[in-house]
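If you read the sequence from its start, that first residue is 1, and numbering goes on from there.
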Amino acid sequence: MRKRVLLMAVSCKTGGLCPGGLDLDDPSKWIRIVRDDGQAGAVQGCDIDFAKPLDIIEFDGRPMPQGKQQENWVIDNSSCKNKGKGHLKNGNGTDKEILDWAYQKYAYKGFWGNYRTFLNEQEFAEVSEPSESILRVSNVRIYQNNWKKAKIDFNWSGAQYKITGVSMTDQDFYDRIKEGDILYDNAYIITSIPKEIDDWVNPNTGEKQAYKFVSKIYEI
């Protein structure tokens, strides 16, 4: 099946990259590009013709849903072509216009029912929403924690809720935060949940936890 995707994130994933974005045939839906290995593994830059966020890619592919990530697709026959940062059908072309359009069009703008960095086993089992979300947030801080892990704090939903310590996989910030914290007044962020719940067990509750993560940050 032929697909056109506006890439919204090309984040780091173990062994390579995790690209994803809006299905331009139905921008309310997400398409995540994964390896055809039965495990939804990472792809390489060459697999997406070295496309970057806000580029449009075209490819022949097929769905490969796994767990909570029902949006997964694989690319067939090395068919992906990077069409660059072109104009969308309605004439929008600047980064700000494209981001505003994407935010308006995409279906899910939630944080999976709580304001924590994770879902417990029951919460994860009950997830019926997409595994990707686009949020408009404020008071953003991107930083390394005491264990040198990349994290993001932000206010969400009218600055009412402060969410702290979410894992961050946007490779554009890895080197920059080594020099100090990055602060934005407002941003769009792409945030995700894993396909399966993590193996780590919280020693206080005895429960496994599925950790949310932010894969792309756009200052606005």
Side-chain angles (χ1 to χ4, degrees), residues 5-14 17-22 27-28 30 32 51-55 68-69 71 85 88 92-119 123-124 127 129-194 198 209-220:
V5 175
L6 169 65
L7 284 180
M8 298 296 295
V10 184
S11 62
C12 291
K13 185 176 182 178
T14 302
L17 301 172
C18 182
L22 303 193
S28 69
W30 194 268
R32 180 188 297 103
K52 303 295 183 184
L54 302 187
D55 285 343
K68 296 299 182 182
Q69 294 185 346
E71 306 85 4
K85 197 181 294 184
L88 300 178
N92 292 341
T94 69
D95 288 3
K96 176 67 163 55
E97 288 173 328
I98 292 172
L99 290 167
D100 290 344
W101 178 88
Y103 181 73
Q104 292 164 8
K105 290 290 185 180
Y106 185 57
Y108 187 59
K109 304 177 181 69
F111 206 55
W112 299 282
N114 67 34
Y115 303 100
R116 302 193 306 269
T117 61
F118 65 89
L119 299 169
E123 291 168 335
F124 188 75
V127 167
E129 300 87 358
S131 66
E132 297 278 344
S133 181
I134 302 177
L135 304 181
R136 184 177 178 124
V137 297
S138 60
N139 298 323
V140 178
R141 176 188 173 219
I142 310 159
Y143 61 100
Q144 283 187 339
N145 67 10
N146 293 337
W147 295 273
K148 304 298 183 184
K149 301 294 186 181
K151 299 288 183 178
I152 180 172
D153 299 349
F154 53 88
N155 284 27
W156 176 58
S157 189
Q160 184 175 359
Y161 299 102
K162 184 70 173 179
I163 299 170
T164 61
V166 183
S167 293
M168 193 277 298
T169 60
D170 186 340
Q171 59 188 324
D172 290 343
F173 291 90
Y174 283 172
D175 288 335
R176 295 173 62 189
I177 58 177
K178 293 177 183 177
E179 305 299 322
D181 296 0
I182 296 171
L183 306 177
Y184 293 153
D185 290 335
N186 298 282
Y188 286 122
I189 62 173
I190 311 300
T191 186
S192 311
I193 57 172
D198 297 332
Q209 295 176 342
Y211 279 86
K212 306 167 187 177
F213 58 96
V214 170
S215 58
K216 186 61 186 172
I217 305 159
Y218 295 98
E219 182 183 16
I220 53 174

Got a second to check how far [X]'s [atom1] is from [Y]'s [atom2], nearest 0.5 Å?
X      : Y      : atom1 : atom2 : answer
Ile152 : Ile217 : CD1   : CD1   : 3.5 Å
Glu219 : Leu99  : CD    : CG    : 11.5 Å
Lys85  : Leu6   : NZ    : CG    : 10.0 Å
Asn186 : Ile220 : CG    : CD1   : 5.5 Å
Ile189 : Ile142 : CD1   : CD1   : 9.5 Å

Residue list, ring pair (Phe, Tyr, Trp, His ring centres under 6.0 Å) with [X], at least two apart or on another chain:
X      : answer
Tyr188 : Tyr103
Phe213 : none
Tyr174 : none
Phe118 : Tyr211

Lys178 bridged to Asp175 by N-O distance under 4.0 Å: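 Judged by the 4.0 Å cut-off on N to carboxylate O distance, Lys178 and Asp175 do form a salt bridge.
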Quick one: does [X]'s side chain get under 4.5 Å of [Y]'s, heavy atoms only?
X      : Y      : answer
Ile193 : Leu119 : yes
Pro19  : Arg32  : no
Leu7   : Leu54  : no
Trp30  : Ile190 : yes
Lys68  : Pro130 : no
Tyr184 : Ile182 : yes
Tyr143 : Asp153 : yes

Is the backbone of Arg176 close enough, under 3.5 Å, to the side chain of Glu179 for a donor and an acceptor to pair up by distance?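 No: the side chain of Glu179 does not pair with the backbone of Arg176.
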Sub-3.5 Å donor-acceptor pair from the side chain of Lys212 to the main-chain atoms of Phe111, do we have one? yes
Is a donor from one side chain sitting under 3.5 angstrom from an acceptor on the other, for [X] and [Y]?
X      : Y      : result
Glu123 : Asn114 : yes
Ser11  : Gln171 : no
Gln160 : Ser157 : no
Ser192 : Glu132 : yes
Asp95  : Tyr218 : no

Please name all residues satisfying side chain to side chain contact (heavy atoms under 4.5 Å, CB included) with Asp172, sequence neighbours left out, ordered by chain then number. Asp170, Lys216
Residues forming a side chain to side chain contact (heavy atoms under 4.5 Å, CB included) with Glu129, sequence neighbours excluded: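 Partners of Glu129 by the side chain to side chain contact (heavy atoms under 4.5 Å, CB included) criterion, ordered by chain and then number, come out as Tyr108, Trp112, Val127.
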Counting only heavy atoms not in Lys109, do more than 12 sit closer than 6.0 Å to its NZ atom?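 For Lys109, atom NZ is crowded (more than 12 foreign heavy atoms under 6.0 Å).
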Salt bridge (Lys or Arg N to Asp or Glu O under 4.0 Å) with Lys148: which residues, sequence neighbours excluded?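 Counting only residues at least two positions away or on another chain, Lys148 forms no salt bridge (Lys or Arg N to Asp or Glu O under 4.0 Å).
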Salt bridge (Lys or Arg N to Asp or Glu O under 4.0 Å) involving Asp185 - partner list, sequence neighbours excluded: none
For [X], give me all partners under side-chain hydrogen bond (donor to acceptor under 3.5 Å, both in side chains), at least two apart in sequence or on another chain.
X      : value
Ser28  : Asp26
Lys96  : Asp100
Lys151 : Ser167
Asp181 : Arg141

